[in-house]
Amino acid sequence: MEQMNVLTDNIPPMKKGQLNIYKPSDIKRWGTERFLETTAAKEPFILQFPEFSEVENQRMDDLMAEGDQGAV
């Protein structure tokens, strides 16, 4: 009986540009794998900021690449 509730209980979708808060008890009820499949980003994040110049965006990309290598 409990298994049926888990499968039919809807997970509210993430809303773009808005904070989304899920309770640990809800995640446990839905199941971690199902929760992540439903809420995880499926497209890459846009790392360009329109208010930055091309030079500033390139510098940010360079710093992020260094951070990924553990240099920053």
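FYI, side chains are in, hydrogens and waters are out, and symmetry mates aren't considered; it's all heavy atoms of this structure.
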TODO: Determine, step by step, whether Thr39 and Tyr22 satisfy the side-chain contact (heavy atoms from CB on, under 4.5 Å) criterion, reporting the C-alpha distance in whole Å, the side-chain angles of both residues, the deciding distance to 0.1 Å, and the verdict.
DONE: CA-CA 10 Å; Thr39 60; Tyr22 297 98; 3.7 Å; yes
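The structure places CG of Leu36 at 8.0 Å from CD1 of Ile27, a figure rounded to the nearest 0.5 Å. Atom CZ in Phe35 sits 11.5 Å away from atom CZ in Arg29 (nearest 0.5 Å). Here the CD-CZ distance, from Glu37 to Arg34, works out to 9.5 Å after rounding to the nearest 0.5 Å.
Partner of Asp62 under the side chain to side chain contact (heavy atoms under 4.5 Å, CB included) criterion, out of Met60, Gln58, Met64: Gln58 alone.
Taking every heavy atom of both residues into account, Glu56 and Glu51 meet most closely at OE1-O, 4.4 Å.
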